[in-house]
Amino acid sequence: MPLERSVIHLKYVSTRGQAPILEFDEALLSGLARDGGLYVPENWPTFRIDDIRALNALSYTETAFRVMRPFTGESISDDDLGRLIEDAYASFDDPDVAPMKQLGDNEWLMELFHGPTLAFKDVAMQFLGRIFDHVLSKRGKRVTIVGATSGDTGSAAIEACRGRDTIEIFILHPEGRVSDVQRLQMTTVDDANVHNIALKGTFDDCQNMVKAMFNDASFRDRCNLSAVNSINWARVMAQSVYYFYAAARLGGPDKPVSFAVPTGNFGNVFAGYGAARMGLNIEQLIIGSNSNDILTRFFETGAMKMTGVSPTISPSMDIQISSNFERLLFELYGRQGNIIKTMMDDFNDTGSFSVGPEQMEQLHKLFSAQRFSDDETRQMIAQVFTGHGKLLDPHSAIGVAAGRARRNNPKTPLVALATAHPAKFPEAVEQASGQRPQLPEKLSGLFDRPEHFTVFENDMAQVQSFIEAHRTDGAN
Ligand SMILES: *Cc1c(COP(=O)(O)O)cnc(C)c1O
């Protein structure tokens, strides 16, 4: 049974108010809305206290079914949804999917890195790949997924899409600028529908080329381009699940719970906000930034201001803009798409926008944020290793650090989200702790497998002809 029975047919609206209203499956496949906005449910289903309480006895996959069912409307049958969820999380190497480990007093680490690529992106992506395939098969359609990666997203997307008849996937990474483990996780996959492109350039060059390909309307239509990036609604939806799962294990909803979240694109922490809107008793959502601290500065000043990106030891948070923040703005301004459109247009033109004092007051009731330098991040890795015998990757360490710095009430359980396995960032972890984290069994042998990738100059025409030539490889 879904948690909320009265919502049976939720539709999706754009945050900028000018795109068509879509069913779940259409919003899933379209990613970005046609007016440049992001799709959100037209209202938040709210769950009854009793039903949230009952989650305490359920497994991760049963929780996932109950939390996600109200969002999928009539697009997906109950049987299919249940099967897709079971199948997605069978790829995780821990029976709890997202196990919780106690650190300090009333302080927990929720490990979200037990999926195939060792980062939390698998939690949503393993589900997304399967639901894409399901919807496309039903429609007899194929898509070409094109994406740019600075590391984690590419491997998670490739693992989620490999071997699927309905998808041809092309991932661009900047040649020589991702870690060995990150590159090998992408390039050692040998399914015929997976294509790795190493671009002679930076991550920004990769991302700009992908954007330009989406803006090339005739190419986009010919190839049926699609995206699985972090603005896809289904990723947010799948991430809300673990907030419920954690809270139900710590006495929620009768007791409030706080979460600390290392943040880049605001996708993960927005999923926590969604859980709160659905009725989960959350006291604080604490955001941890690295020195690319656009969000922390926003919470300090009320102004969102773009600056350059500098590389850190937590590269998956080295971002210039937090694209999912637009979904929160939409809620803050009473879901008035025209206001959001003006703000985002301003942001595009001038590199900044500001939020008024009433809105900031609203935000501060739930959110707080703090930035940590690489040195502070290393200190936290060392401190947690010494104090609790636990190795954290740099992203997870920023989450724990933010939680410790900002929690208001030591009686409220604090859950810090651990977003990557330490072995994904072995140099940083070893430098901080003196310990070399070992790759888990499933990835041993990674360094011995043959690699598949093609190197390109930063020239879109060449990459486009490669995509057109290869996208039909697995067509029949
Ligand atoms: C992507 C990523 C993040 C940031 O998540 P957002 O949803 O972009 O905020 C944090 N840690 C790791 C390891 C990641 O891969």
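Computed from a predicted model, the values in this text were never measured in an experiment. Both counts, for ligands and for their atoms, begin at 1 and track the order of listing.
Each of the following atoms of ligand 1 lies closer than 4.0 Å to a heavy atom of Gly267: 6 (P), 7 (O), 9 (O). If you number the atoms of ligand 1 from 1 as listed, the ones under 4.0 Å from a heavy atom of Asp152 come out as 13 (C), 14 (C), 15 (O). Distances below 4.0 Å separate heavy atoms of Thr263 from the following atoms of ligand 1: 9 (O).
When only interatomic distances are considered, the shortest N/O to N/O separation between Asn265 and ligand 1 falls below 3.5 Å. Between Lys121 and ligand 1, a contact under 3.5 Å exists for at least one N or O pair.
Of all the heavy atoms of Lys424, none lies under 4.0 Å from any atom of ligand 1, so neither backbone nor side chain is involved. Proximity of Thr419 to ligand 1, defined as any heavy-atom pair under 4.0 Å, is shared by backbone and side chain alike. Only backbone heavy atoms of Phe266 (N, CA, C or O) come within less than 4.0 Å of ligand 1; its side chain stays farther off.
In this structure the side chain of Lys424 reaches within 4.5 angstrom of the side chain of Asp152, judged on heavy atoms.
Judged by distance alone, the side chain of Asn290 and the main-chain N or O of Ser314 form a donor-acceptor pair under 3.5 Å. Panel note: side chain Ser396, backbone Leu392; no donor-acceptor pair is recorded below 3.5 Å. Judged purely by atom type and a 3.5 angstrom limit, Glu159 has no side-chain atom pairing as donor or acceptor with the backbone of Ala156.
Judged by the 6.0 Å and 45° rule, Arg249 forms a cation-pi pair with Tyr245.
For the residue pair Thr117 / Gln185, no side-chain donor-acceptor distance below 3.5 Å is found, with atom types taken as modelled. In summary, the side chains of Asp318 and Asn292 do present a donor paired with an acceptor at a separation below 3.5 Å, with no hydrogens or angles considered.
Nearest residue to atom 9 (O) of ligand 1 from Gly264, Ala420, Ala156 is Gly264 (criterion: closest heavy atom).
Closest to atom 7 (O) of ligand 1 among all protein heavy atoms lies Asn268 N, 3.0 Å.
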